[in-house]
Amino acid sequence: MHLLLKQLLNRVEKLDGFVYESSQMINAVKPEAGKPASGSSIGSIEIQLRERKRSKGKCSDCKKSAPGYDRLPERRFQFVPLWGIPTYFLYAPRRLECPDCGVHVEHLPWALGKRPLTMSFAWFLASWAKLLSWQETSRTFKTSWECVFRSVEMAVHWGRARMDLTGITGIGVDEIYWKKGKFLTLVYQINEGMKRLLFVSEDREEKSLRKFFLWLGKERSALIEFVCSDMWRPYLNVIATYAKNALNILDRYHIAAKMNKALDEVRAKETRALTAGAKTKGAQVVLKHSRWCLLKRPENLTDNQAIKLKDLLSCNLKTIRAYLLKEEFQLFWEYVSPAWAEKFMDQWCKSAMRSRIEPMKKIARMLRTHKPLIMNWFEVRGQLSLGAVEGLNNKLKASIRKSYGFRTAKAIKVMLYHKLGALPEPEFTHRFC
Ligand SMILES: [Zn+2]
């Protein structure tokens with residue numbers, strides 16, 4: 001057995017101007033009686049670094065060589081674990097007297113800024129954080145949540161500074177509720193072959209979306225041909241101002257979401273009314289626990305839900321009439337001819353207005369107000385990946401569900417860019433995972 005740790009390290013992580021001097025195994029500290037072991041029960045590996053002889057340090061500010069000034073106390077930098085054992089680089093940085101910048105700490109090519117992490121470990125953590133939650137990542141690789149956050153933040157910074165923003169002609173605008181009364185505005189690119197999250201900002205006001213267009217710039221905004229959005233007035237206003245050449249489409253997914261919301265409102269209200277007046281006992285029982293079989297598409301129902309739906313349909317309830325209206329509207333999207341689709345929609349709105357069900361009347365009014373933008377859907381169908389907004393939105397919701405520990409908008413933004421931004425990564429001499 002003659003392969004040395006030094007040889008391995010020089011193969012995977014050669015450091016310009018520095019050498020690996022020595023390494024040692026540190027035994028684990030025995031936990032106090034009755035307490036769980038903290039960190040690794042197997043101890044850790046410490047690798048001592050020193051500068052190459054007669055090699056001058058480089059100023060961390062301007063990266064030029066400069067004469068030494070003094071030396072700071074030793075610092076530890078966590079490296080990629082070797083055989084599952086937490087591993088650290090140890091080095092006492094020099095301070096240099098840079099002719100241009102004054103006294104400065106030297107540049108450490110392996111370090112992630114001032115953090116106790118090596119770059120390799122940070123990229124390693126960031127890669128895993130795409131697959132696991134941040135909590136799982138920190139636990140698996142025996143580091144802190146904060147270290148995982150900083151690593152992902154670094155990767156996002158790096159990637160967003162190098163994003164290719166050419167060819168963005170279709171975007172989708174969406175909002176998501178993420179915690180008590182707080183929304184995020186999301187902008188996706190939805191071109192065939194390139195679907196990714198482009199921008200996240202807080203709230204869902206005009207200024208939230210305006211930030212996106214300011215980030216993208218005037219020239220690129222002018223190249224946008226399609227914008228998919230919902231009927232949220234502040235968004236419509238901003239889109240009309242900043243994406244003047246674009247066709248604004250109110251898409252199927254957002255309209256379906258609105259219909260489901262209206263139906264849910266009718267159902268909840270009717271359930272309450274029936275519970276209050278106990279005489280219509282049969283209908284009350286039927287309506288209980290009916291939420292999912294009404295909101296799901298019929299083809300997605302389980303057997304039990306299908307039976308429940310059949311029972312429901314036999315009662316003359318407002319909920320049922322609203323459900324039938326909702327289901328009927330699906331036909332709208334099947335029309336080949338936009339003219340016939342428009343006729344169908346007019347007809348549908350008439351029956352909804354006559355239904356005496358307020359939430360459905362509201363939908364009809366909304367459809368009438370936004371008719372031109374809805375009809376745009378027929379113009380772009382086939383040209384644009386219209387299902388993309390829904391797909392990305394579902395992925396995003398799954399990521400948010402996994403991140404229950406996130407309290408700040410900053411952390412959630414970083415996580416979303418990381419998972420859905422399709423960001424570029426640097427070329428490595430060695431990939432640790
Ligand atoms: Zn300098």
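Side chains included, hydrogens not; waters and symmetry mates left out as well; all remaining heavy atoms used. Order of listing sets the numbers, starting from 1, for every ligand and every atom in it.
- Residues Tyr253 and Asn393 bring a donor and an acceptor atom of their side chains to less than 3.5 Å of each other.
- At a threshold of 4.5 Å between non-hydrogen side-chain atoms, the residues Phe432 and Glu13 count as touching.
- Residues Met119 and Pro109 approach most closely at CG-O, 4.5 Å, considering heavy atoms.
- Exactly one residue among Tyr20, Phe121, Tyr88, Phe89 makes a ring pair (Phe, Tyr, Trp, His ring centres under 6.0 Å) with Phe79. That residue is Phe89.
- The number of protein N/O/S atoms found under 2.8 Å from the Zn ion (ligand 1) is 4.
- Ring geometry, Trp110 versus Phe18: the interplanar angle exceeds 60°, so the pair is classed perpendicular (tilted spans 30 to 60°).
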Let me check something: any side-chain donor-acceptor pairs from residues 359-370 under 3.5 Å, sequence neighbours excluded? List them with distances.
from	atom 1	to	atom 2	distance (Å)
Arg365	NH2	Glu358	OE2	2.7
Thr369	OG1	Arg365	O	2.7

